[in-house]
Amino acid sequence: MAAARTSLGRVLPGSSILFLCDMQERFRHSIVYFPQIVSVAARMLRVARLLQVPALLTEQYPQGLGPTVPELGAEGLQPVSKTCFSMVPTLQRELDSRPQLQSVLLCGIEAQVCILHTTLDLLERGLQVHIVVDACSSRSQVDRLTALARMRQSGAFLSTSEGLIMQLVRDAAHPKFREVVTRSWNVQRAMIGHLEPKTWRMGTLEDFLTPPSLYRSRRSLRSPSRTAGCWASSKARTPFSDESPALT
């Protein structure tokens, strides 16, 4: 049998690990889409536990930035404190103890700092890095989108949580498939809330990179005032608020 091509970016439970980076209390009001980012990361963690994919959690200078937010659902994970931007130096021993490891699924903040530094270090070790784009964010959308593009240029794979979860399961006959899909749908339904399917639309490329969904409400397009100045505003908007601008 021919050797698998690493460039394909296959994700298998037995050779993957989930990294959860610095989703802490002090970031709650400064990170764009923070509640959605944490919710999607929590979804990834629940699926990882169901499929027995190991997970590692870090906290950036917790004395000043506080603990991991409780809604991540990371009970049972021992957070590793760090000051280095990259997660890799503090998790070196864990990585060295897993010779079968091929893929790292990466969630957290901030995209242009800790996520980027971690990605470059992991790529340098020869590991595949899969950025969960709907579970990574920054204080600004400019930093976030630029960091995602930068990581893709360096060789990381950009994926959505849904895409990665389906790669991990691989088959509708998987014994955990129903439980994984049910839990994932419950999380997504909670995030999209009041929107009816008939009000959704496919978005632009930037919509695809905007958490937590590939869809946005048409009503955000009806008023020019709602689309003006979306890059200039410093107010963090949720993707489904009445004031949410369309990214075009």
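One-based numbering along the sequence shown.
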What pairs of donor and acceptor atoms, side-chain ones from residues 65-73 against any protein atom, are under 3.5 angstrom apart with sequence neighbours left out?
from, atom 1, to, atom 2, distance (Å)
Thr68, OG1, Glu59, OE2, 2.7
Glu71, OE1, Arg28, NH2, 3.4
Glu71, OE2, Arg28, NH1, 2.6
Glu71, OE2, Arg28, NH2, 3.2

Write out all pairs satisfying salt bridge (charged side-chain N to carboxylate O under 4.0 Å, His left out) with one or both partners inside residues 119-133, taking only residues at least two apart or from two chains.
-> Asp96-Arg125

Taking atom OG of Ser97 and atom CD of Gln92, what is their separation to the nearest 0.5 Å?
-> 10.5 Å

Just wondering, do Ile165 and Met44 contact through their side chains at under 4.5 Å, heavy atoms?
-> yes

Residues in salt bridge (charged side-chain N to carboxylate O under 4.0 Å, His left out) contact with Arg98, at least two apart in sequence or another chain = Glu94

Return each pair, listed once, that meets side-chain hydrogen bond (donor to acceptor under 3.5 Å, both in side chains) where at least one residue sits in residues 72-81; pairs must be two or more places apart or across chains.
-> none

Would you mind listing the cluster partners of Leu12? Hydrophobic ones only (ILVMFWY), side-chain contacts under 4.5 Å, chaining allowed.
-> none

With sequence neighbours left out, what residues match Leu106 under side-chain contact (heavy atoms from CB on, under 4.5 Å)?
-> Phe19, Met87, Ile115, Thr118, Thr119, Val129, Ile131

Pairwise side-chain contact, Leu77 with Arg49, heavy-atom cut-off 4.5 Å (strictly under) = yes

Is the closest side-chain heavy-atom distance between Leu56 and Val80 below 4.5 Å?
-> no

Please say whether more than 12 non-hydrogen atoms of neighbouring residues, nucleotides or ligands are located less than 6.0 Å from CD in Gln63.
-> yes

What distance do Asp22 atom CG and Cys107 atom SG have between them, rounded to the nearest 0.5 Å?
-> 12.0 Å

Arg10 and Ser103: which non-hydrogen atoms are nearest, and at how many Å?
-> O-OG, 3.4 Å

Side chain to side chain donor-acceptor pair (under 3.5 Å) evaluation trace for Asp134 with Ser161 = CA-CA 7 Å; Asp134 46 344; Ser161 56; 2.8 Å; yes

Roughly how far apart are Leu105 CG and Leu168 CG, rounded to 0.5 Å?
-> 6.0 Å

By side chain to side chain donor-acceptor pair (under 3.5 Å), which residues pair with Thr146, not counting sequence neighbours?
-> none

How many angstroms lie between atom SG of Cys136 and atom CD1 of Ile109, to the nearest 0.5 angstrom?
-> 9.5 Å

Does the side chain of Leu122 reach to within under 4.5 Å of the side chain of Leu95, using non-hydrogen atoms?
-> yes

Minimal heavy-atom distance between Pro54 and Ser16, with the atoms involved, is CD-O, 3.5 Å

Looking at Val132 and Thr160, what are the two nearest heavy atoms and their distance?
-> CG1-C, 4.3 Å

Sequence neighbours excluded - salt bridge (charged side-chain N to carboxylate O under 4.0 Å, His left out) pairs with any residue from residues 29-39 | none

What residues form a side chain to side chain donor-acceptor pair (under 3.5 Å) with Arg150, not counting sequence neighbours?
-> Ser154

Can you run down the ring-ring contact (aromatic ring centres under 6.0 Å, His included) pairs that involve residues 55-107, sequence neighbours left out, and say none if there aren't any?
-> Phe85-His117

To the nearest 0.5 Å, what is the distance between CZ (Arg46) and CG (Leu51)?
-> 13.0 Å

Are any non-hydrogen side-chain atoms of Leu123 and Leu127 less than 4.5 angstrom apart?
-> no

May I ask whether Met151 and Val113 are part of the same hydrophobic cluster, defined by side-chain heavy atoms of I, L, V, M, F, W, Y residues being less than 4.5 angstrom apart, directly or through others?
-> no

Residue pair Leu45 / Leu18, side-chain heavy-atom distance below 4.5 Å = yes

Quick one: does Thr58's side chain get under 4.5 Å of Leu91's, heavy atoms only?
-> yes

Specify the closest pair of heavy atoms between Phe27 and Phe34, including all atoms of both residues, with the distance to one decimal.
-> O-CD1, 3.8 Å

With sequence neighbours left out, which residue pairs that include part of residues 118-146 fulfil the ring-ring contact (aromatic ring centres under 6.0 Å, His included) condition?
-> His130-Phe157

Would you please name every residue forming a side-chain contact (heavy atoms from CB on, under 4.5 Å) with Ser138, sequence neighbours left out?
-> Glu110, Ala111, Gln112, Asp143, Arg144

